[in-house]
Each structure stands twice: as C-alpha cells, then as structure tokens.
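A short worksheet on the structure shown next.
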Amino acid sequence: MPEGHTLHKAARKQAPLLVDKVARASSPQGRFLEAAQLDRARVVSIEAVGKHLFYAFERRGITRWLHVHLGLAGRFTYHPTTRTPAPAPLPSVRLRLAAEGTTLDLRGPLICELVTVERAAEIRDGLGPDPIRSRSVATKFAARVAHSKVPIGALIMDQRVLAGVGNVYRAELLYLARIDPRRPSRELTATEVQTLWDLARQLLRAGVTDGRIVTTKYGDVAPLHAKQRTYAYKQTVCARCRGLIWNVKLGGRPCFYCPTCQT
DNA sequence: GCAAAATGTCAAG
DNA sequence: TTGACCTTTTGCA
C-alpha cells in the first residue's frame, strides 16, 4: 500500500476526524509506551511529508509531536463511533486514538514515536521535494539528478532526492517518460528531468484522489485490458510495443521496465 | 499449516 | 549486498 499518496490520503482523511478534538491514546500492543503522554491531549495538526506523517498534540500548553512511518506493513483502521462503540482492539494495535466520533487504530508501522519539534524538522529537512505538496518545486530535484551518477531508477526512489516515490511509482514514471532506469542520472536531459517531475506530481496526486495507484488512467498508452492498473510494475507485456517487460535490481529492489520503449 | 511476498527502511557485514 | 523487522495476505502442500 504505502507510497507517498497513501500518507497524504491518510492525513486528509484523519484531519477532519481528529483535529481540534481531545483524544484518548493507548497502545494495546504495549510497544508504544509513550502513548500515555498523548492521552487526553488535543490534536492540533496532521500533516504528511513524503511517506512520513507528523501529528501535533497539545496538553496543558505543552506540544508533543508524533512521527509515524508505515513501512511495508503499516495500516490504519478507522472505526466510526457515533452509533456504535469501537470494537476491542486487535492485539497488534500499536496505537489507538479515540476521539469523539472516531477511533483510529495503527498496526504494524515501521515507526511510531514521539519526537521533539527539532527532530521533526530534521526528518523533514532530510527529505527531497514532495511532488504532492503544492509548494514543492522541481529545482532541488533537478539539481540532485544533474550531479549524480547513480542510475536514475535508483535515484528517484531515494527519499532524500524525491519524497514519496516507491517501487511502483518509480517503474511507472520511467515507463511513461520512456527512460531506461539504468541510465546514469546526470546524463538525462533537462527536458527528461522536468518530465519526470511533472509526471510525479500528476501521478502521485491522482493516487491521493483515487486512493490507490492506477497509472493506466493517465498515461498516453492504451492498457492491454480493462483491469490493468500499471504499465510496467509487475507486468509481463508492454502495452506500447507488446514486447516483454524486464526487471533489473536497482536500489535493492526489482525495477520493471520495457527494454524496447525505454531508452 | 507453513512459507513467501508486499507499494519500506535500517543495521550489519 | 544481505538479513532483520512488522503484519497481513496469498499460495502451496
């Protein structure tokens, strides 16, 4: 599930449910002992940056920051409680936040921790531009690409370079931009880099709206069948040339691409 | 019933 | 580069 769009979607869903409300916080699983420090605090803000979520809580004039990263297995579950009480939490619930009208469960996150405001800023500063955030610009991304000899397929998954892109979006961006993932980043033209950025904005933002990654709705290539959601990721046949999709390990994970169309 | 995989990341070697 | 971590889901016996 979780590339950048998932976290932005979660932030947008959770904010109206929780912000300005006082929440009961607990860790049924017992692995997030600091939950007690959030109990009965008011939720001030919920914000996504790349694949990271930041929550501000306030209690008795003191602000505390919660940092969440879903990793590979993390999930949120929402329980509306206007009509019926929330069910007992599953044993794996790391954090339960219960506010008026909603109970939110977090299971299996890579990170769920309290951080200082300085540490929160440090984490954000370590991330590259997030194409879903409106104030992000291509400049920083372009500069990193221009100076790196790392293959572009590895570079765009580097969260310090481009925040929010994961293994699915990487394959889809490079497929639609027709760029071979093995090419050294600094050999890309300025136009190609701009195209990658524009596609990242378009596809990740669409992902927030759709709630999942469906790139075949937005590409300039007709998919092979109605149910096809990605062009390259986990595909075997290229919708453009009908040749075989290959994959090569880049950045430690398989990168799917068409050796004919991506040059 | 168990193993493997998954859209992620980090520490160890 | 590999293995470990987290949890759920899927596939194979």
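Just so we're clear, the structure is a prediction, and the values are computed from it rather than from any experiment. Atoms considered below: every heavy atom in the structure, side chains included; atoms not considered: hydrogens, waters and symmetry mates. All chains are named by letter (A, B, ...) in the order of the sequence lines, taking the proteins before the strands, and each is independently numbered beginning at 1.
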Interatomic distance, [X] [atom1] vs [N] [atom2] [rounded to whole Å]:
| X | N | atom1 | atom2 | value |
| --- | --- | --- | --- | --- |
| A:Glu113 | B:dC10 | CD | C1' | 13 Å |
| A:Leu70 | B:dT9 | CG | P | 10 Å |
| A:Leu95 | C:dC6 | CG | C1' | 16 Å |
| A:Arg160 | B:dG8 | CZ | P | 16 Å |
| A:Asp158 | B:dG8 | CG | C1' | 13 Å |
| A:Met157 | B:dC10 | CE | P | 13 Å |
| A:His52 | B:dG8 | NE2 | P | 12 Å |
| A:Ile111 | C:dC6 | CD1 | C1' | 12 Å |

I'd like to know if the side chain of [X] and the backbone of [Y] have a donor-acceptor N/O pair within less than 3.5 Å.
| X | Y | result |
| --- | --- | --- |
| A:Glu192 | A:Leu188 | no |
| A:Ser185 | A:Val145 | no |
| A:Lys51 | A:Val165 | yes |
| A:Lys21 | A:Glu100 | yes |

[Y] and [X] aromatic ring geometry - parallel, tilted or perpendicular at 30°/60° bounds:
| X | Y | result |
| --- | --- | --- |
| A:Tyr257 | A:Trp246 | perpendicular |
| A:Tyr55 | A:Phe57 | parallel |
| A:His67 | A:Phe54 | parallel |

Within less than 4.0 Å of OP1 or OP2 of [N], is there a side-chain N or O belonging to [X]?
| X | N | answer |
| --- | --- | --- |
| A:Thr6 | B:dT7 | no |
| A:Lys234 | B:dA6 | yes |
| A:Arg253 | B:dT9 | no |
| A:His69 | B:dG8 | no |
| A:Arg75 | C:dT7 | no |

**Request:** Check DNA chain C against residues 165-177 of chain A and give the residues with a non-hydrogen atom under 4.0 Å, in numerical order.
**Result:**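 DNA chain C contact set from residues 165-177 of chain A: none.
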
**Message:** Let's see if you get this right: which residues in residues 24-34 of chain A place a heavy atom under 4.0 Å from DNA chain C?
**Reply:** A:Gln29, A:Arg31

**Item:** Non-hydrogen side-chain atoms of A:Val168 and A:Thr215 separated by less than 4.5 Å
**Value:** no

**Prompt:** Side chains of A:Gln235 and A:Thr230: does their closest heavy-atom pair fall under 4.5 Å?
**Reply:** yes

**Asked** Given the P atoms of B:dG1 and C:dC6, what is the spacing between them in whole Å?
**Response** 23 Å

**Item:** Gap in Å between the two P atoms, one belonging to C:dT8 and one to B:dC10, rounded
**Value:** 23 Å

Look at the side chain of [X] and decide which nucleotide, out of [options], has an atom nearest to it.
| X | options | answer |
| --- | --- | --- |
| A:Pro2 | B:dT9, C:dT8, B:dT7 | B:dT7 |
| A:Leu110 | B:dT7, B:dG8, C:dC6 | B:dG8 |
| A:Leu90 | B:dG8, C:dC6, C:dT8 | C:dT8 |

**Prompt:** Is a salt bridge present between A:Glu113 and A:Arg119, judged by a nitrogen-to-oxygen distance below 4.0 Å?
**Reply:** no

**Prompt:** Is A:Lys249 touching bases, backbone alone, or none of the nucleic acid, heavy atoms closer than 4.0 Å?
**Reply:** nothing

**Request:** Check every strand shown and say whether A:Arg94 touches a base, only sugar-phosphate, or nothing at a heavy-atom separation below 4.0 Å.
**Result:** sugar-phosphate

